[in-house]
Structure formats: C-alpha cells, structure tokens
Amino acid sequence: MREDTRRWMESDQAHCWHPFTRQAEWCARGHEPLVIVRGEGVWLWDSEGRKYLDGNSSIWTNLHGHAHPAINTAIREQLEKAAHTSFLGFTHPLATELAKRLCGFFPEHTLERVFFSDDGSTAIECALKMAVQYRQQTGAPERDGFIAFSNGYHGDTLGAASLGGVGRFSERFRGLGFPVRHVSSLADLDTFSSEKIAAVVIEPLIQGVNEMHPWPAGMLAELRHWCDENGVHLILDEVMTGFGRTGTMFACQQENVIPDLLCLAKGLTGGYLPLAATLTTGKIYDAFLGGADRAFYYGHSYTANSLGCAAALASLDVFEREKTLVHLSGKIAHLSEGLTAMKSRYPVIHEVRQCGFIAGIELRRPDGEKFPSGERFGEAICLAARAHGLLTRPILDTIVLMLPLATKLEEIDYAVNALDQALDH
Ligand SMILES: *Cc1c(COP(=O)(O)O)cnc(C)c1O
C-alpha cells in the first residue's frame with residue numbers, strides 16, 4: 001500500500017465520522033476504506049490506482065460524468081469572479097438565469113418562483129415551512145399537518161426527517177418534527193379528515209431509499225386529483241428523480257402533474273456541488289407579500305452559491321448539447337435487457353425494479369424468503385462487485401444500480417457484468 005494511502009486512512013479512522021456508518025467496523029483493524037482521488041467520465045480512481053465504474057452516481061448525484069470539461073470550465077470561470085456572495089440583500093447573474101431556466105421547464109403561470117438552498121433536506125425543509133406559513137397567511141392556520149407515505153425518505157434535517165417513513169432512520173426522532181400522518185396508498189387518504197392537512201409529500205414514480213419501489217402507473221396523477229379535491233397542496237420530492245433519472249427531465253412530467261411545491265437537489269448541479277431549489281407557484285408566493293410579518297424568514301449562508309449555480313447552468317447546457325435525454329431511452333432499454341438476462345441466470349435475484357435509468361436488484365434466498373438481516377448479503381455482493389471494478393451500495397439486500405446518465409452502452413454492459421461476476425462468486 002502506498003504511503004499516502006496509509007496516511008489518509010489513518011487520519012480518516014482517527015478523525016472522520018461518516019454518514020450512516022457503523023464507525024466501529026469502519027475503524028476496525030483490517031478495514032481498509034477506499035480513498036477516491038480522481039474521477040473522469042463515469043470512472044473513479046482510488047489512491048492505489050485502481051479504477052471503478054461509479055455505479056451509484058456518487059450517491060445519486062452525478063449525471064454527465066466526473067470532470068466534464070464544460071462543467072469544470074463553468075465553475076472555473078465563475079471562480080475567477082467570486083466563489084460566493086450573499087443572496088441576502090443582493091443577487092447575482094447566475095442565480096437569476098438559473099431560476100428562469102428552472103421555471104422554463106414548466107408551463108407558464110405554474111411553477112414560477114425559485115427558492116435556493118443547499119441540499120435535498122433543506123429543499124424539503126423549506127417547502128414544508130412555506131406550506132405551513134402559507135396557511136397561516138391565508139386564513140387556514142389549522143392546516144399545519146402533513147401526509148407522507150410509509151417507507152418514504154425526504155432527508156435528515158428534523159422537519160424532513162419527520163416525514164420519513166423508513167423506521168430505521170426516523171423512528172428515533174419521531175415526535176420532534178412536524179405533525180405527520182403516514183399512509184401507504186391512495187386508499188388510505190380517505191380514511192381520515194384532511195381538514196388539518198397543509199400538504200401531501202411524495203417521491204414521484206419511485207421511492208428511492210425504500211429499496212427502489214416504483215408506484216403503480218397513474219398513481220401520481222390520481223394523487224394530484226385528490227389534492228385538488230381536498231384543498232391540500234402537493235409537494236413533490238424530486239431530489240432523486242429530478243434531472244433525467246426516470247427518463248424525462250422530471251418524473252412528474254410522465255403523468256402530466258404539476259405540484260404546488262417542487263424540491264430539487266442532488267442532480268441539480270450535475271452532481272458537482274451542493275445546491276438545492278424549491279420551486280413554487282405564483283399563488284403560494286403571493287401570500288408572502290405585504291408587511292415584514294408575511295415574509296419568509298428562512299435561509300442559509302450559502303443560499304444560491306455562485307459556483308453551484310454555474311455548475312447547474314452548465315449541466316442544463318450539457319443536457320441540450322449532448323442530447324442527454326434523447327440518448328437515454330436507448331440506454332434504459334439496454335440496461336433493462338441486461339438486468340433481465342442476469343435475473344434469469346440467478347435464482348437469488350428475487351426482483352429487478354427499474355424506473356427509467358434507476359434500478360434496484362433485490363436479492364433473496366431462492367425460496368423467496370429474505371436473508372436474515374445479520375447476514376448482510378447485499379453488502380457482500382457489492383464488495384464482490386468492487387473487486388470486479390464496480391462501486392455501488394445496497395439498501396438492505398437490494399443492490400442499487402444508478403449509473404450516471406452519460407454512461408455508454410458498453411459501460412452499462414461493464415456494470416452489469418461486474419454484478420454478474422459478483423453473484424457468480
Ligand atoms: C437524498 C434524498 C433526500 C435528501 O437529500 P440530501 O441532499 O441528502 O439532504 C431527500 N429526498 C430524496 C428522495 C432523496 O433521495
């Protein structure tokens with residue numbers, strides 16, 4: 001092992017604290033964390049010079065590949081001007097352009113205002129607070145609760161976490177956040193009164209952290225209809241699904257749904273920098289006009305960060321120049337063929353769930369029973385895949401394959417083949 005690698009590993013194990021990680025195992029003697037030092041296209045290199053395909057788009061963020069010349073140049077050019085200036089009291093050119101471009105994806109007079117923040121969680125946090133304050137300022141203060149879906153995931157800050165339905169992540173802090181009612185299907189919505197509900201929050205088309213479970217087709221449009229009938233706002237969490245992952249720019253476009261609030265983050269900057277956006281309608285925005293007491297008192301130091309906006313605009317340009325979405329449909333079909341063929345070879349593959357370019361491969365015992373959770377079979381498979389040059393993470397025993405949109409057909413084959421070999425092993 002190289003001297004640098006050893007030094008980085010030691011400093012990490014002595015001083016870093018990783019997300020969602022059992023630190024005792026991470027720091028245990030014998031565990032050698034990968035030190036990723038470089039990326040180019042869909043490939044990553046570790047400090048030992050080994051090369052891997054970025055099989056989960058660097059935790060669901062990267063779209064056009066790493067070190068993309070156009071995105072790098074855009075960031076570099078902005079860096080020469082200013083890395084960050086305050087959005088509180090000032091504006092800057094790139095934020096104005098980005099806000100306009102984002103609204104341009106939706107019909108006129110629908111989503112027409114953009115509130116910037118930093119991450120998926122803060123985009124949600126902001127949507128929740130807007131939804132509640134809107135009710136306070138439009139004569140319905142009793143509507144201060146939310147409906148969320150069981151097994152949903154919307155982030156880890158307290159408000160966003162109160163929506164979360166994945167027990168192992170959110171149970172501990174239950175009761176500390178917003179009042180939330182969890183439902184598991186549309187039918188559940190009519191089992192109680194919605195009079196005290198401000199909004200419904202959902203991950204459209206597919207729940208990510210819930211082991212990649214797609215919703216039935218048409219469900220989103222039906223939910224929109226229910227919201228309209230009941231005077232409830234619809235908040236879409238497109239933090240994962242946004243920016244092409246499902247095959248269209250936004251998942252909601254597949255069912256012609258326009259939400260009242262739309263949360264974007266992960267892919268917004270092409271996966272280069274933390275930046276998030278909460279989009280809303282003129283109607284909601286208008287309720288915040290008037291005196292100081294009506295303003296939206298919310299914000300973060302790095303709101304609308306200039307480098308993030310530069311990356312986001314460059315990413316949107318890449319979509320146009322490289323015709324990313326046009327090429328994507330063939331890749332989605334190719335991935336689907338590859339995974340279907342692999343499933344037929346391995347009885348341990350219980351189900352392949354795919355929504356656009358997002359795939360979850362659920363592993364179970366051949367008799368259909370789940371593996372005992374202590375076996376951590378999914379982790380073992382991902383570790384084996386790493387030896388074949390593919391980096392990804394499982395969610396329980398579901399292997400996530402969420403390749404950057406820029407992945408070429410032969411690179412898709414490489415990823416599927418690495419998984420195949422891992423399973424064979
Ligand atoms: C990742 C994710 C979030 C949280 O975003 P962060 O940037 O990690 O705070 C929220 N919702 C969904 C659907 C996500 O996948």
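In each ligand, atom 1 is the first atom listed, and ligand 1 is the first ligand listed. Just so it is clear, the structure is predicted and the values come from calculations on it, not from any experiment.
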Decide whether an N or O pair under 3.5 Å exists between [X] and ligand 1.
{"X": "Trp60", "result": "no"}
{"X": "Ser121", "result": "yes"}
{"X": "Ala265", "result": "no"}

(request) Tell me, yes or no, whether the heavy-atom count around Arg393 atom CZ, taken from other residues, nucleotides or ligands under 6.0 Å, exceeds 12. (result) no
(request) Specify side chain, backbone, both or neither for Val239, according to which of its non-hydrogen atoms lie closer than 4.0 Å to ligand 1. (result) side chain
(message) Considering Gly155, Ala276, Cys263 one by one, which has a heavy atom nearer to atom 4 (C) of ligand 1 than any of the others?
(response) Gly155
(request) May I ask which of His154, Met240, Lys266 has a heavy atom nearer to atom 2 (C) of ligand 1 than the others do? (result) Lys266
(message) For atom 5 (O) of ligand 1, what is the closest protein heavy atom, and at what distance to 0.1 Å?
(response) Gly120 CA, 3.1 Å
(request) Name the closest protein heavy atom to atom 13 (C) of ligand 1, giving the residue it belongs to and the distance to 0.1 Å. (result) Asp237 OD2, 3.3 Å
(request) Identify whether the distance between the nearest side-chain nitrogen and carboxylate oxygen of Lys408 and Asp413 falls below 4.0 Å. (result) no
(request) May I ask you to say whether Glu362 pairs ionically with Lys343, meaning some side-chain N is under 4.0 Å from a carboxylate O? (result) no
(message) For His182 and Asp188: C-alpha separation, side-chain torsions, deciding distance, then whether side chain to side chain donor-acceptor pair (under 3.5 Å) applies.
(response) CA-CA 9 Å; His182 286 98; Asp188 287 354; over 6 Å; no
(message) Whether Arg181 engages the ring of Phe192 as a cation-pi pair (distance to the six-membered ring centre under 6.0 angstrom, angle to the ring normal within 45°) should be assessed.
(response) yes
(message) Do Arg245 and Phe357 form a cation-pi contact, if we require the NZ or CZ to be under 6.0 Å from the six-membered ring centre and within 45 degrees of the ring's axis?
(response) no
